[in-house]
Amino acid sequence: MTIDPITLAVFVPLFGAIAAFVFPRAAVWLGLGAVLATCATVLGLAREVLAAGEVVTPLGGWAPPLGISLRADGLSVAMLGMSAIVGLLVSFGALDALRDLRQRQYFWPLWLLLLTGMNGVYLSTDIFNLYVMIEVIALAAVGLTVLSGTKDAVRAGLEYMYASILGALLFLMGVGFVYLQLGRLDFAGLIAAEPSGALSAALALMVIGLLLKTALFPLHFWLPAAHANATAPASALLSGLVVKAALYIFLRLTTYMPLPDEILVTLIGALGAGAVLWGGVQALRAERLKLLVAWSTVTQIGLIFLAFARAGQVGLTESWKAAALLILAHGVAKSAMFLAAGRIKDEVGHDRIADLDKSDIRPTLAQFTFALAAISLIGLPPSLGFIGKWSLMEGAMAAGYWHWVAVTMIGTLMSVAYFSRVFAGFLRFDRMRGELAEHKGWALADIAPLTLAVAAISLGLMAAPILSFIELGYPFGELP
Amino acid sequence: MTPDLIYGATGIAVFAIGLIGALCAQDRLRRVLALKLCSVGAGFILVVGAWRIPPADPDPVPHALVITGIVVMVSATAVALALIRRLHTLEAEDDD
């Protein structure tokens, strides 16, 4: 058996997780090494995909429908690349952010297990494999949520666990129905299948499960508490990467098994609009910085579904690209923002938004990072978030769906408003009691979030190559 | 009614009972049990997919899937129970 990058992309983090668990004293170095090695394999895979358009490997030489094969194309490598690079920088951030020995020991195995699950999702070609991988992600993600060990975190983690398992079981039920109908579970079988009522019911079950896992309004109830109460690196991973796995499966499934009705596409868009508005209102009301950032995740997920629905059923062949751009933009910017929020909380000692301007410690670098990430999330040019929103609105306008444009505009205004609450806290100096210490609150740990935030802005300048890369291998065309 | 219909309907019913429990139950342990019921229901559906009119042999693939599903659910239950215990301890400490 030859070892190729596509197999390594799943097994390197898996073996890294096991090694980091077995040798807890060396967990940090084993973990960092495994993440670096994963980055290298993803790079190798990207080169293969650039050359060939797509890479397919039947594991153990068994071909589908009986065997499991892994497939990489432009979109999956883009997702892999996002996970690997964001993951690497969050790992560097975690070196400083996790001071407790127990947290340090358990963070690495859990995070590598999470990476295994996500890489598995992005390379899978059959829906049962996807079910197993989303459960792996769920277990690792819940572990990361409760890592801080506080009561609020454990309570939020348990809620997350219930939502996550229920989502996965709904997905499994859908998988069962597909098997009853088709007798096979691979993507090629799904594409070849004739549309029928029973298959639509199966798709509906799977989609509801995925919406629960990705926290689309009104199934978002578990997200804010879980993401706000986790430790900063865990929040960055959960918000930036974990919800994207379910989103990615949603994009794939709805293309292989097209939504049978225009009304359903509109419904998805309406739920997205609900998320944008409701999340915006809650972010305006949030009292704590991390909670505000978590609610902003709810709105951004809504925005991604708006992008999916922007041009109705006929536009789906193009709309997924707008959704994918927003997924990448949010992954990079939100992880930067959560790390920066964690740094601000560390330096100032609390994260109450109303009291941020009373502190004489101003972690200016972390605040600058937060602002840069906000620029991408609000969607100001030239950030990647801007390109995503631009293509969302462009498609909606071309299709004459002005209501989606209006919702996006309102959502953008709201995001300016709620981030401005934080900026006002950063920039007001007249409510301070003590002297302002120059350059206090700078640390080496600011480098990782700052790099991510700068990437979120500057990737917008590379939008054209990114767009042509995710189209490689015709992600939503025929399978071989 | 053929056996596969009976089993299929039972599977859907069990799943539905579990779903209602998972959404409506207040007690933490009850919700875990409700989720277990959901997984049993989904497993039923897969097993029905394996059934063939005797004397034909059943399809082995769904059996493999169900076993995988059971393993996944066992680990998920273990994590959920551990979290519930932990939360219980934390809340008991607060009461003291």
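If you're wondering where the values come from, they're calculated on a predicted model, not measured in any experiment. Side chains are part of it too, since the values below use all heavy atoms of this structure and drop only hydrogens, waters and symmetry mates. Order of the sequence lines fixes the chain letters, A, B, ..., with proteins taken first and strands second; residue numbering starts at 1 for each chain.
- Counting heavy atoms of neighbouring residues, nucleotides and ligands inside a 6.0 Å radius, atom CH2 of A:W278 does not exceed 12 of them.
- The two residues A:G176 and B:I45 make their nearest non-hydrogen contact at C-CG2, 3.8 Å.
- Within the 4.5 angstrom heavy-atom criterion, atoms from both the backbone and the side chain of B:A80 approach chain A.
- Between B:V32 and A:I165, every side-chain heavy-atom pair lies at or beyond the 4.5 Å cut-off.
- Between A:L180 and B:G49 the shortest heavy-atom distance is CD2-CA, 3.3 Å.
- Between B:R31 and A:E159, at least one side-chain N (NZ, or NE/NH1/NH2) sits under 4.0 Å from a carboxylate O, which counts as a salt bridge.
- Looking at B:V47, neither its backbone nor its side chain comes within 4.5 Å of chain A, counting heavy atoms on both sides.
- Between B:C38 and A:L166, the shortest heavy-atom distance links the atoms SG-CD1, 4.2 Å.
- Taking CG of B:L46 as the reference point, atom CZ of A:F128 lies at 7.0 Å (rounded to 0.5 Å).
- Enclosure of atom NE2 in B:H88 is not indicated, since only 12 or fewer non-hydrogen atoms of other residues, nucleotides or ligands lie within 6.0 angstrom.
- Contact of A:V142 with chain B is made through the side chain alone, with heavy-atom distances under 4.5 Å.
- Only the backbone of A:T150 comes within less than 4.5 Å of a heavy atom of chain B; no side-chain atom from C-beta onward does.
- The shortest distance between side-chain heavy atoms of A:V146 and B:R86 does not fall below 4.5 Å.
- Considering only heavy atoms from C-beta on, B:I12 comes within 4.5 Å of A:F177 through its side chain.
- Proximity to chain A (any heavy atom under 4.5 Å) is restricted, for B:L23, to the side chain, taken from C-beta onward.
- A:Y179 places no side-chain N or O within 3.5 Å of a backbone atom of B:A50 that could act as its donor or acceptor partner.
- Distance NZ/A:K151 to OG1/B:T89: 12.0 Å, rounded to 0.5 Å.
- With respect to B:E91 and A:R155, a salt bridge is recorded, a charged nitrogen being found less than 4.0 Å from a carboxylate O.
- Heavy atoms closer than 4.5 Å to chain B are found in both the backbone and the side chain of A:L158.
- Neither the backbone nor the side chain of B:V71 comes within contact range of chain A, judged by heavy atoms closer than 4.5 Å.
- Residues B:F15 and A:M173 share a closest heavy-atom pair of CD1-SD, 3.6 Å.
- For the pair B:L65/A:L185, a side-chain contact is recorded, criterion being any heavy-atom separation below 4.5 Å from C-beta on.
- For A:Y131, the part lying under 4.5 angstrom from a heavy atom of chain B is the side chain only.
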